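As structure tokens, the structure follows; a few thoughts come after it.
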Amino acid sequence: MSINLTLLCVMGALYACGIYLLLERSLTRVLLGLMMMANATNLLLLTTGGYAGLAPLYDKSRAAGDYNDPLPQALILTSIVISFAVTSFMLGIIYRTWVLGRRDEIQIDLEDRKVARTPSFDAEDDAEIPLETSEFPLLPRDVPDNGETIKAGSGRMAVRDAVLEEKPGSKNVTPGPDGGLK
Amino acid sequence: MNLSSLAPLAVLIPILGAAVTFVLYRHSHAQRTVSIGLLTLTLLLECLLLASTWSGGTYAVNIAGWLPPWGIVLVVDQFSSLMLVVSSAVSLAVLVYATGQDMADGDEDSPVSIFHPTYLILVAGVSNAFLSGDLFNLYVGFEILLTASYVLMTLGGTGPRIRAGVTYVVVSVVSSVLFLISIAMIYGATGTVNMADLAIKLGELDQGTKTLLHVMLLVAFGIKAAVFPLSFWLPDSYPTAPAPVTAVFAGLLTKVGVYAMVRTETLLFPGDSLNTPLMVAALLTMVVGILGALAQSDIKRLLSFTLVSHIGYMVFGLAMSSVAGLGAAVFYVAHHITIQTSLFLVTGLIERRGGSSSMDRLAGLAKLSPVLALLFFVPAMNLAGIPPFSGFLGKVGLMQAGIELGTPLAYALVIGGVVTSLLTLLAIARVWNRAFWRSPEDAEYPDPVLLAAPEANGRAGSGTTSTVTVLPRTMVGSTLGLVLVGVALTVFAGPLFTVSDQAAGEMLDRSAYIHAVLGGDTPVPALETVPRTGDLP
């Protein structure tokens, strides 16, 4: 009695082909790859049962070592049922992909592409914070023009001009060399 | 005899329920009643199981009277019963939410009649995986829940779901094949698949074989748990599924992977030197995951990335192999299942209310629906680990364990954990600022729903042709319930931490598990002494 070398070679070949097919873009080939890998695993399980022996039906005259190990075969049965379910489900999905997109291929994730195209600058997060962050900026008409001045930089400026300068993006005030007005 | 002999019912009730709801597929009302009723019954049963193991103890149930190591055993201990209760509570909340959504939308002939049976099978698979004391039965549990999840993921068969479903199915099948290969090799090496028996026999193998088997199992479970280099399938496939389905997947499926990793690390290959690579993987999972979250503009995708990132915390706790670390990881798993699921449920509500889950389109929800804002805010702060909440407590537990361990790698992970926590807060704050705080006029592409007058879209059902309620009470109620469970985890964190530390102690000791399964007189192999985890060579 010996380990069946042919089975092991078949197992290796199935794994190799299975992994190769799994990396394809076409869904039918991916499915074939998965089936090959599942069957290769079944062969591996079969091999772990050890040397080939008699069918495990109890017979008084036989020594325990003559029988085959039945457990791996029970495991194989379970795994065949599971891979059968998965295969039929995959076939359903492949058919649905064909109905929807007329192609038997893995589709591109559009959201992924969108995120990848997003520039690193985000207008909302990264824009410069305006000087006036209040939603209710002080307007020039709210300030009486009575000639009051406040300290600004090295000199002084009219309160009314200071208010104008506080407005975000105001273009009507030309800043002086050291702040304040020219 | 004690209560734990009822453990098989935790798997049986949902499976029978699936059969009944499948027969009742034409009677949606009866279907809802049966599935919610049976899931409540399962939850009560699992609460009994938890109560019987609350103060310690491990019980084994031999299925059909076959003695271990030949027959299949279900093992109930603190960790598994805690996981069962949390997972069933979460699945019940999601089921009520889905039922509410189904009733509000009122489409009788949609494929939703398949939802209830499939959902119950998913729950049965999760329970089976948590209870299994046998490696092959664990594989079967995984397959039950995965096959159910394939169906739920592609529910309705729309283009994006099919696209995401293909990736998900292929990745899951590959991980299952890897798991099956490891089972075959383990059986070849030891001649058993019973986990307690393996705990003894794997220790007798030589180091090379042991490391090979260990790595294969960890890779297979790592794909399911979405640990860093194996995590890219998750944010790609989860966000497209219907909101309740994404919620239950995010809460449960990855955690089943983490559970299997915990059992592998503690029971099958204790004290092994693979802890250092695990720690590195944990660090990368945390950091890479959260950086991905920051780049997203869709809330569901963002949450999927935070899900990946926070798996890193659990792997970190697991990789420390100390009672404190593993205990904190157990607590963190319970916390994260609840919080992540409630966040996805709230996102489903946001999508209904605001018409989209994209942050470019959402705005001003805090003003439109303060309840929704509150429902989002509490679990979001909990996820980010803001002090009073359980997320903070779990992280503090992990940090303490890391500092206790005191190796350079452990310190690196503590720092990485803090940074990840802050970045999670940043990601969550972006959602909050955009979806809830800014006014709709400031949004780049605001959804028309948000710009309409508040009175008009507040009651979108009354008077108009549409009969859709925007926020049905059942959906808000079940989300609120789950958010409250999250808050309760904070309030009862003390007893919960005691239990998870005890569970961690029992798992690291192993003798309780082995004795419960194989009988009290089985000798438990002593742990080999290994250098401290994460010491630099």
Side-chain angles (χ1 to χ4, degrees), chain A residues 11 15 18-19 22 27 30-31 33-50 69 71-72 74-76 78-79 81-83 85-87 89-90 92-101 105-112 114-116 118 120 122-125 135, chain B residues 70 136-137 139-140 142-144 146-147 150-151 153-154 157-170 172-174 176-181 183-189 191-193 235-237 239-240 292 295-298 300-301 358-360 430 433-434 438-439 442-444:
Chain A
M11 181 191 90
Y15 271 129
I19 290 168
L22 192 69
L27 287 179
V30 170
L31 175 69
L34 287 179
M35 287 164 71
M36 283 189 177
M37 283 174 69
N39 283 320
T41 313
N42 290 342
L43 286 182
L44 175 65
L45 269 168
L46 189 67
T47 323
T48 60
D69 184 356
L71 188 70
L75 303 188
I76 291 172
T78 318
S79 101
V81 173
I82 291 169
S83 63
V86 171
T87 306
F89 186 78
M90 271 297 279
I93 283 198
I94 292 171
Y95 177 67
R96 186 74 191 161
T97 317
W98 173 254
V99 167
L100 288 172
E105 264 188 358
I106 292 180
Q107 307 286 309
I108 294 166
D109 186 1
L110 295 176
E111 181 73 21
D112 245 2
K114 203 184 117 201
V115 171
T118 311
S120 59
D122 183 299
E124 198 157 326
D125 287 347
E135 280 190 40
Chain B
W70 299 285
F136 195 76
N137 197 25
Y139 169 74
V140 173
F142 266 121
E143 286 304 317
I144 296 174
L146 284 177
T147 313
Y150 303 154
V151 177
M153 174 75 77
T154 52
T158 57
R161 282 184 197 162
I162 294 289
R163 182 202 58 74
V166 168
T167 324
Y168 179 70
V169 173
V170 171
S172 304
V173 170
V174 169
S176 296
V177 166
L178 267 177
F179 186 15
L180 194 60
I181 295 173
I183 290 179
M185 287 165 68
I186 286 176
Y187 186 77
T192 180
V193 284
D236 190 47
S237 51
T240 52
Q296 304 303 316
S297 65
D298 184 282
K300 284 178 168 181
R301 284 176 65 98
S358 161
M359 283 192 279
D360 294 338
R430 279 185 76 222
N433 281 344
R434 295 185 171 211
R438 69 174 170 190
S439 57
D442 292 345
E444 280 165 82

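Convention: sequence-line order gives letters A, B, ...; per-chain numbering from 1. In this text the structure is predicted, and so the values were computed from the model without any measurement. For the numbers below, each heavy atom of this structure counts, side chains included, while hydrogens, waters and symmetry mates do not.
- Contacts of B:Asp360 with chain A are made by side-chain atoms alone, with heavy-atom separations under 4.5 Å and no backbone atom involved.
- Among A:Asp69, A:Leu75, A:Val115, the residue making the largest number of heavy-atom pairs under 4.5 Å with chain B is A:Leu75.
- Note that the NZ atom of A:Lys114 and the CD atom of B:Gln296 stand 9.5 Å from one another [nearest 0.5 Å].
- Within the 4.5 angstrom heavy-atom criterion, no atom of A:Leu31 approaches chain B.
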**Request:** May I have the step-by-step check of side-chain contact (heavy atoms from CB on, under 4.5 Å) for B:Thr154 and A:Phe89, ending in yes or no?
**Result:** CA-CA 11 Å; B:Thr154 52; A:Phe89 186 78; 3.5 Å; yes

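- Using a 4.5 Å heavy-atom cutoff, the side chains of A:Ile93 and B:Tyr150 are not in contact.
- For a residue to count as touching a neighbouring chain, one of its non-hydrogen atoms must lie under 4.5 Å from one of that chain's; by this rule A:Leu46 does not touch chain B.
- Comparing B:Ile144, B:Leu146, B:Val170, B:Thr147 by how many heavy-atom pairs each has under 4.5 Å with chain A, the most go to B:Val170.
- Put simply, CG on B:Leu180 and CG on A:Leu44 are 8.0 Å apart, with the number rounded to the nearest 0.5 Å.
- Taking all atoms of both residues into account, the shortest heavy-atom contact from A:Leu100 to B:Thr158 is CD1-C, 3.9 Å.
- For the atom pair B:Thr192 OG1 and A:Leu71 CG, the distance stands at 8.5 Å (nearest 0.5 Å).
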**Asked** Is there a side-chain contact (heavy atoms from CB on, under 4.5 Å) between B:Tyr187 and A:Leu45 once you walk through the steps?
**Response** CA-CA 8 Å; B:Tyr187 186 77; A:Leu45 269 168; 5.8 Å; no

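- Note: B:Ala184 leads B:Ser297, B:Ala189, B:Ala184 in heavy-atom pairs under 4.5 Å with chain A.
- At a 4.5 Å heavy-atom cutoff, the contact between A:Ile82 and chain B is made by side-chain atoms alone.
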